[in-house]
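Letters A, B, ... mirror the listed sequences (proteins, then strands); counts begin at 1.
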Protein chains: 4
Amino acid sequence: MPHPTFFNLPADKRNLIFEAAVEEFYEFGYAKASISRIVAKTGIAKGSFYQYFEDKKDLYRHVLEVIGGQKADFSAAAFRDLERNDLLQTVRELFVSGIRFYRAHPKLASIAGDFAKLRDPGLKREITGDAAAKSNEFFIQLIERQKESGRIAPDVDPPVLADLIAFLSVYVAEHYADQALSDSEEQAMKTIDSLLRIVENGIAATNRSGR
Amino acid sequence: MPHPTFFNLPADKRNLIFEAAVEEFYEFGYAKASISRIVAKTGIAKGSFYQYFEDKKDLYRHVLEVIGGQKADFSAAAFRDLERNDLLQTVRELFVSGIRFYRAHPKLASIAGDFAKLRDPGLKREITGDAAAKSNEFFIQLIERQKESGRIAPDVDPPVLADLIAFLSVYVAEHYADQALSDSEEQAMKTIDSLLRIVENGIAATNRSGR
Amino acid sequence: MPHPTFFNLPADKRNLIFEAAVEEFYEFGYAKASISRIVAKTGIAKGSFYQYFEDKKDLYRHVLEVIGGQKADFSAAAFRDLERNDLLQTVRELFVSGIRFYRAHPKLASIAGDFAKLRDPGLKREITGDAAAKSNEFFIQLIERQKESGRIAPDVDPPVLADLIAFLSVYVAEHYADQALSDSEEQAMKTIDSLLRIVENGIAATNRSGR
Amino acid sequence: MPHPTFFNLPADKRNLIFEAAVEEFYEFGYAKASISRIVAKTGIAKGSFYQYFEDKKDLYRHVLEVIGGQKADFSAAAFRDLERNDLLQTVRELFVSGIRFYRAHPKLASIAGDFAKLRDPGLKREITGDAAAKSNEFFIQLIERQKESGRIAPDVDPPVLADLIAFLSVYVAEHYADQALSDSEEQAMKTIDSLLRIVENGIAATNRSGR
DNA sequence: GATGAATGAGTCTTCATTCAT
DNA sequence: CATGAATGAAGACTCATTCAT
């Protein structure tokens, strides 16, 4: 929650600051990001920075929120599938949108990835609120419905699968995107496909060998 | 590569320093770990520290190497299976040993996990050398052999699977271990089993629905 | 001397500002009081503050003046006695009114006490003008009259006694008031009486042992 | 409790720092004293300062302790009287030594005076520990003994008198010392005498008018 | 007359590292 | 080889005040 001051800024200046912050968090991570460097890069006065943001954490939160918004645009398609109740297709689109986001905004995606990897639980909750927990619950319920309808094998544990998907959509996307940045998008998609087949076969109800 | 002076230290002092370093990296992470705090905690002279280690990175590297060694002990069983060429069993044991390690040395495991999550590629290569790359290559070859012998589905991409396994053995272990710390080990293993079944079914050659 | 803008303010707003200032000076003292905090607390614009007051000192001066006025109301009785030319009774009422003021407005009394304790002579004169000196002179003359009329021992030095009384009415009042706040007023008065007897006996002309 | 580092310093440097601190606290008071200014004045590195002292409070505490020690030397005579159990004489010497100390070290005396006037009770206890309370108790007991032996009037309340003496020895000394600095010492002593007579007569048992 | 953004010097404190003893 | 003092740049953050709107 940056101060209104920040949002009243002319778009030019606001963008300048935002981009300097992105640059900084991308290069140094949250812990080592320096507000002094940011104000030096942007040319604003240090006092002004603190009129825009409560503190470093506030800036970080803002950057992550903006990133979250942009990511949401990319994954809109995936969530449309969610409503169609087709998990496999949803997961596929989630991964694809993850890669696409990374290709379009590698720095933003990296910052989001770094945040996801933070261990400090206090900081994380302070920043995301309960959003993460809610999204997880939602996924679990979807999986349960798919088990009932027989599309997912009965021995799949919903929370485990929800975690697995969440993990993969963040980490793997970032991981493959590194090479994907140089590859053509087509090439990257093939790689993703290979991973997806593993997941799909892993959870599909059909042809499951007796255990 | 700590200086020889460090290894010539009486075991007591060496351990004292090592444990203070572990404590510090666990609590603050690499970026925010403070050498001043470490020497204060141990009571050694600051000058001495720099006679043992080149710098903060050198200490970090050392800690990670020791952790790596301890982890290797835990996963020795898994690697014996590797020689038996049974990937599914290997992966299972890898996960189990990951959990066991976390349960036995949660701080060490956390530090290793944090390192795995670092983005800075320069630092990572500087610290692990090519070990990671070599281990990955080895795994890929194993997977290829299993594909040839028909135990793994032909549409599985070996590098993708190798990455997936590496990811999961680090992240998922840490993730489930948190709750596993409070659960009984038996309970934790059940959760792990659920994840493993997904992976196993995802890659197994048997009963694969035609694609 | 706040700007006229301040006095033209609706009483509500004026009081809001005044009380926030009192709160601030009470909690942090003059040196550490923060105008930023005051405007934040009151919700007025920072620019507005500087349209009401010249600077921090100006606000401080205003607060002290208001406090002085309120104190005057409490000590009106004492000064009526002054006209009756009975110093002992005057001093007694001065102390009592000091305590009563503290009990009624502990924060205001504290701020006044803090000001009295300031060493910076420039600041003090800037703020009180010559009021202090005049009040002192007045007291001295009173004491001299009482010496002439034989109610005060001839070996009492008027300026010294005037200072002593001024000191005690400020410091002792504040000092005993701390405990007085919890005690009943009756109890506090007994304590004050004990102090007063010392002063009275110290200066009374009667029964003075030859020196 | 400055760090040993500070006491290991060559006397020259230690004195330089001490005097710069005295200068700073004298001129600006505790709240506004600036460590940056102190290190600039002395030419030591800012990092070095924090190797000598924990923080600003630590420096302040040290300065006050040194001052306390010096004051003790001045008031040694008064405390010899304490053992002779002659309160009146003790008080007299206390005042005289207070004035003498102020004349000899006006800045030190001022700093001590400022501290005595601080309102923040947390800070005060943090700095003096229970020394103040103990000294007060001691005085009270002395007064009680003198009442029993009939040297002090029975209607004197010991805690009240103890507070009064403590007050006067700090505040009045400082007050008169300002003018005393310009007067000859002889002249200053006459002024003090006048104050002392008031106190002495106020508490003496002899010739007390019946109440 | 009200506003509130801009300012940049200022605050205390910690940092990793060097080096003389 | 141990020591621990010295360093000064850097850290996040606050300040009183100005001024254009």
N/O-N/O pairs, protein side and nucleotides 3-5 of chain F side, under 3.5 Å:
| from | atom 1 | to | atom 2 | distance (Å) |
| --- | --- | --- | --- | --- |
| F/dT3 | OP2 | B/Ser48 | OG | 3.2 |
| F/dG4 | N7 | B/Gly47 | N | 2.8 |
| F/dG4 | O6 | B/Gly47 | N | 3.2 |
| F/dA5 | OP2 | D/Thr5 | OG1 | 2.7 |

*Is there a side-chain polar atom (N or O) of A/Ser36 under 4.0 Å from OP1 or OP2 of F/dA10?*
no
_Could you tell me if A/His3 and A/Glu54 have a donor-acceptor pair between their side chains, going purely by distance under 3.5 Å?_
yes
*Please give, in whole Å, the distance from F/dT17 P to C/Tyr50 OH?*
4 Å
*B/Phe53 has an atom CZ; how far is it from atom P of F/dA2, in whole Å?*
12 Å
*Specify the separation, in whole Å, of atom CZ of C/Arg37 and atom P of F/dT17.*
15 Å
*Under 3.5 Å for both distances, Watson-Crick or G-U wobble, that's the pair rule; now give the dot-bracket for DNA chain E, with | marking pairs to another strand and [ ] for crossing ones.*
.||||||||||||||||||||
*Regarding C/Arg61 and the six-membered ring of C/Phe115, is the cationic atom NZ or CZ under 6.0 Å from the ring centre and inside 45° of its axis?*
no
_Nearest-Å distance for atom pair CZ/P, residues A/Phe6 and E/dG4_ = 19 Å
*Should the pair C/Phe25 and C/Tyr60 be assigned to parallel (<30°), tilted (30 to 60°) or perpendicular (>60°) ring geometry?*
tilted
*Tell me whether the guanidinium CZ or amine NZ of A/Arg37 lies under 6.0 angstrom from the six-membered ring centre of A/Phe28 and within 45° of its axis.*
yes
*Grab the NZ-P distance between D/Lys56 and E/dT13 for me, whole Å please.*
8 Å
*Can a salt bridge be assigned to the pair B/Lys41 and B/Glu23 using a cut-off of 4.0 Å between side-chain N and carboxylate O?*
no
*Trace of the ring-ring contact (aromatic ring centres under 6.0 Å, His included) decision for C/Phe53 with C/Phe6*: CA-CA 7 Å; C/Phe53 300 96; C/Phe6 179 64; 4.6 Å; yes
*Kindly indicate whether the side chain of B/Leu59, heavy atoms from C-beta on, has any atom under 4.5 Å from the side chain of B/Lys56.*
no
*For D/Ile38 and E/dT11, give me the distance from atom CD1 to atom C1', rounded to whole Å.*
13 Å
*Just by distance, do the side chain of A/Arg14 and the backbone of A/Phe7 share a donor-acceptor pair under 3.5 Å?*
yes
_Side-chain donor/acceptor of C/Lys124 to backbone N/O of C/Ala116, under 3.5 Å_ = yes
*In whole angstroms, how far is the P atom of E/dT13 from the CG atom of D/Asp58?*
10 Å
_Sugar-phosphate only, base, or nothing, as touched by D/Ala33 at under 4.0 Å among non-hydrogen atoms_ = sugar-phosphate
*Find the distance A/Lys57:NZ to F/dA12:P and express it as a whole number of Å.*
14 Å
*Look at A/Ser34 and F/dA12 and indicate whether a side-chain polar atom (N or O) is within less than 4.0 Å of OP1 or OP2.*
yes
*Nucleotide nearest A/Ile35 when distance is taken to its side chain, options E/dT13, F/dA12, F/dT17*: F/dA12
